[in-house]
Amino acid sequence: GEGSKQKADPALASTSWATERQLFERLVDRFVAPDWIASERTTALGVRLERFLARPGPLVLYGAGTVAETLLARRDFPHDRTTLCSGLPEEAGRSFHGHTIVAPAEAPLATADRILVTPLHRGEKIAAQVLAPLLPEGFAGVLAAVERETDPRDDGIERLELREIPLPA
């Protein structure tokens with residue numbers, strides 16, 4: 001399906017991801033009995049993703065949704081080395097977990113050591129259509145995406161891992 005933030009028309013997009021999430025949580029709290037919830041899920045970060053995030057140097061996070069929220073809530077991302085950008089014009093200038101969202105064209109992509117695309121299932125598309133045209137020739141950083149790993153045991157833990165995206169030649 002398509003989330004409200006993915007709609008092409010900004011008027012149809014959510015005015016704020018945080019507001020949308022708060023409304024959803026209120027609805028669940030009010031109308032869903034706790035015993036209806038079969039299991040609770042937690043999110044774990046994979047080893048490759050943890051190592052990627054722990055590296056020093058400038059980092060650009062593309063996306064301001066649930067995955068970005070998970071990452072920003074679990075780690076300290078220094079403001080002087082971390083930029084949060086989004087391709088949704090209505091998000092530019094908004095604060096998200098203490099970081100001001102900028103448009104991709106305003107993000108310091110040329111000097112980034114690492115660029116991480118956080119929207120799930122869209123890493124290659126965003127990298128090719130949005131980020132690659134903005135990268136300087138000979139970009140020496142690492143371009144990667146977050147992906148959800150599935151576990152056949154389904155132990156209630158969602159695992160997020162890193163997948164590097166090859167730069168176009």
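Atom set for the values below is all heavy atoms of this structure, side chains included, hydrogens, waters and symmetry mates excluded.
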Reported CG-to-CD distance for the pair Leu49 and Glu161, which is rounded to 0.5 angstrom: 6.0 Å
Heavy-atom pair with the smallest gap, counting every atom of Ala144 and Leu162: CB-CD1, 3.3 Å
Minimal non-hydrogen separation, Gly87 against Pro89, with atom names: O-CD, 3.3 Å
Pairwise side-chain contact, Leu72 with Leu84, heavy-atom cut-off 4.5 Å (strictly under): yes
Distance (rounded to the nearest 0.5 Å) between Arg148 CZ and Leu160 CG: 7.0 Å
Side-chain touch Leu53/Leu59, heavy atoms, less than 4.5 angstrom: yes
Contacts of Ala110 that satisfy side chain to side chain contact (heavy atoms under 4.5 Å, CB included) - sequence neighbours left out: Pro136
Residues that, via side-chain heavy atoms closer than 4.5 angstrom, fall in one hydrophobic cluster with Val102: none
Sequence neighbours excluded, every pair satisfying side-chain hydrogen bond (donor to acceptor under 3.5 Å, both in side chains) that has a member inside residues 127-142: none
Straight-line distance of Glu90 CD to Ile101 CD1, nearest 0.5 Å: 9.5 Å
Side-chain (Tyr62) to main-chain (Ala145) donor-acceptor, under 3.5 angstrom: no
Contacts of type side chain to side chain donor-acceptor pair (under 3.5 Å), residue Glu124, not counting sequence neighbours: Arg163
Atom pair CD/OG1 of Glu106 and Thr100 - distance to nearest 0.5 Å: 11.0 Å
Distance, nearest 0.5 Å, that separates CG of Leu61 from CZ of Phe77: 5.5 Å
Exercise: identify the closest heavy-atom pair between Pro104 and Leu109: O-CD1, 3.8 Å
Side chain Arg114, main chain Phe52, donor-acceptor under 3.5 Å: yes
Considering all heavy atoms, the nearest Ala68-Gly63 contact: CB-O, 3.3 Å
Thr118 and Thr70: CA distance, side-chain angles, deciding distance, side chain to side chain contact (heavy atoms under 4.5 Å, CB included) verdict: CA-CA 10 Å; Thr118 64; Thr70 298; over 6 Å; no
By side chain to side chain contact (heavy atoms under 4.5 Å, CB included) - contacts of Pro133 (at least two apart): none
Separation between OG1 of Thr82 and NE2 of His97, rounded to the nearest 0.5 Å: 14.0 Å
Residue pairs fulfilling side-chain hydrogen bond (donor to acceptor under 3.5 Å, both in side chains) with at least one residue in residues 44-60, sequence neighbours excluded: Glu50-Arg75, Arg55-Asp113
Criterion side chain to side chain contact (heavy atoms under 4.5 Å, CB included) on Leu71 and Leu45, from CA distance to verdict: CA-CA 9 Å; Leu71 299 177; Leu45 305 184; 3.8 Å; yes
Residue list, side chain to side chain contact (heavy atoms under 4.5 Å, CB included) with Pro56, at least two apart or on another chain: none
Sole residue of Leu116, Val60, Ile126, Leu131 in side-chain contact (heavy atoms from CB on, under 4.5 Å) with Leu143: Leu131
Counterpart residues, ring-ring contact (aromatic ring centres under 6.0 Å, His included), relative to His79 (two or more places apart): His99
